Enquirer: 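Supplied in structure tokens, the structure appears directly below.
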Amino acid sequence: MRWTKYFLPTSKEPPKDAEIVSHKLMSRAGMIDKISSGVYTYFPFGYRALKKVERIVREEMDRTGAVEFLMPALQPASLWKESGRLDEMGEEMIRFTDRHKRLMLFGPTHEEIVTDTVRKNINSWKQLPITLYQIQTKFRDEMRPRFGVVRAREFLMKDAYSFDRDEKGLEESYQKMRVAYTRIFKRCGLDCSIQQADSGVIGGKFSEEFVAKGECPELEVGHIFKLGTKYSESMKTFFIDSSGKEAPAVMGCYGIGVSRIVPAIIEGNNDDRGIVWPLSVAPFSVLLVPVNLENAAISGVGEKLYGALIDNGIDALYDDRDISAGMKFSDGDLIGIPLWAVIGKKFTEKGKIEIKIRKENRFVEVGVENATDWIIDYINKEKRCTTL
RNA sequence: CGGGGCGUAGCGCAGUCCGGUUUAGCGCGCAUGGUUUGGGACCAUGAGGUCCUCGGUUCAAAUCCGAGCGCCCCGACCA
């Protein structure tokens, strides 16, 4: 991507309402833009980070054998009446009456829908166990949104629901998810602890939450629940077991605040100059910095290197703006791309590209012809470390 | 939802107490021209405003009064 063709508005000053470092940096680095209290637009740079996280989540969920699908954000209140949660959820749930005077809501979570799906389509023990998941926008009318996208009223969530024949099966499904969660957060560069938690409105008998470390008092980035038969009993989700008797499916549900992971990563990966992305979730892997575009030799090599990186499938951002070197470096630090390839002084003096490793603040000089290979090697090496 | 604060150019703010030299300013950003080009450069010129909205007081309102809307902070709440 060429910076001049991209939409990446950076700024020196954080917005006045930003309190925590991740919120300040996400705003300054042109990742998000507040539209209303707790409601944000993801700008392209922020959206890329979100998609990187989403991909890791998806890969790890698929690895457990969970099956991806998509439920509606818009839901009829009637299903919630059935489960008994219509009154329980209160004002946090965004409700409205449609033109037919039917009470509708924007889903804050999806136990009711998925339970309905399973009761209509699964009736034998042979079809179990199954775990379904989706990555979708959730709506919660938080009393007090804050910390940027950390506690928003509209946010992206991965929610998974397991259905088992019995308690033993639930235990297995639950443990699979627990392992997957650990892998997901590790791959995202998050340092998480697992704590036993209150199950709240979701209910069930046991739950654990994954809490990311950082100055931010929130997060919690994931929460897994053993629901048991709370929903399957109230919503009559029964199957015929191997002895021919009717039994309620034993459920678990597992949430990850996908959009919350992004600020959590930044909380743990920044310095006084800006974000320091882990390679696994960085919006771009490489930042290409030609120091002076009016120097034909520099811009020539810049173009060549950019082309070579793109041809090799490396997601590179080419800073082709005609601005001072200082500005490029400052913006580069702010947006925190892991690898930089600087074409400047060392190039005009001795034909070397300077590769900066952002997190180590270390420079490596590489000959022009070796730069692409060096970068590819580095990226592959890092990938091996973080894929486990 | 209780308590507090704020709303003036794209962003950050001063001016509001004490109404009138204010043509409503400053910094950043933006545009044009020139000098620059390894850590947010400099000079010159310029564009950009329903002073949150509505109503009231007054000869006169960004400034005083009332209502509304929006945003933030503290608390309570939060799969």
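Every chain is numbered from 1, with letters handed out A, B, ... down the list of sequences. Everything numeric in this text was worked out from a predicted model, so none of it was measured. Quick note: numbers below take in every heavy atom, side chains included, and nothing from hydrogens, waters or symmetry partners.
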Enquirer: Reckon Gly255(A) touches a base, only the sugar-phosphate, or nothing at all at heavy-atom distances under 4.0 Å?
Expert: nothing
Enquirer: Can you check whether any acceptor in the base of G40(B) is under 3.5 Å from a donor in the side chain of Asp331(A), or vice versa?
Expert: yes
Enquirer: Cation-pi between Lys138(A) and Phe155(A): NZ/CZ under 6.0 Å from ring centre and within 45° of the ring axis?
Expert: no
Enquirer: Can you tell me how far P in G2(B) sits from the matching atom in C17(B), rounded to whole Å?
Expert: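 Looking at atom P only, G2(B) and C17(B) are 30 Å apart.
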Enquirer: Distance check, P atoms only: G68(B) and A9(B), in whole angstrom units.
Expert: 25 Å
Enquirer: When you check the phosphate oxygens OP1 and OP2 of U36(B), does a side-chain N or O of Ser324(A) lie under 4.0 Å from one of them?
Expert: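 So the side chain of Ser324(A) is outside the cut-off, no N or O lying under 4.0 Å from OP1 or OP2 of U36(B).
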Enquirer: For the base of G2(B), is there a side-chain donor-acceptor partner from Arg144(A) under 3.5 Å away?
Expert: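 Check fails, no donor-acceptor contact within cut-off.
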Enquirer: Please confirm whether any donor atom in the side chain of Glu354(A) sits under 3.5 Å from an acceptor in the base of G38(B), or the reverse.
Expert: yes
Enquirer: Please determine, for the side chain of Glu92(A), which listed nucleotide (C78(B), A41(B), G38(B)) has the closest atom?
Expert: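 Nearest nucleotide to the side chain: C78(B).
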Enquirer: If you find the nucleotide of RNA chain B closest to Arg260(A) and the one closest to Phe347(A), which residue's nucleotide is nearer the 5' end?
Expert: Phe347(A)
Enquirer: With a 4.0 Å limit, can you tell me whether Lys16(A) has a side-chain N or O closer than that to the phosphate oxygens OP1/OP2 of C13(B)?
Expert: yes
Enquirer: Any idea which of C77(B), U37(B), G75(B) is nearest the Glu294(A) side chain?
Expert: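 Looking only at side-chain atoms, Glu294(A) lies closest to U37(B).
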Enquirer: Can you figure out which of C72(B), U36(B), C28(B) approaches the side chain of Lys34(A) most closely?
Expert: C72(B)
Enquirer: Determine the interatomic distance between C1' on A31(B) and the same-named atom on C74(B); round to the nearest Å.
Expert: 44 Å
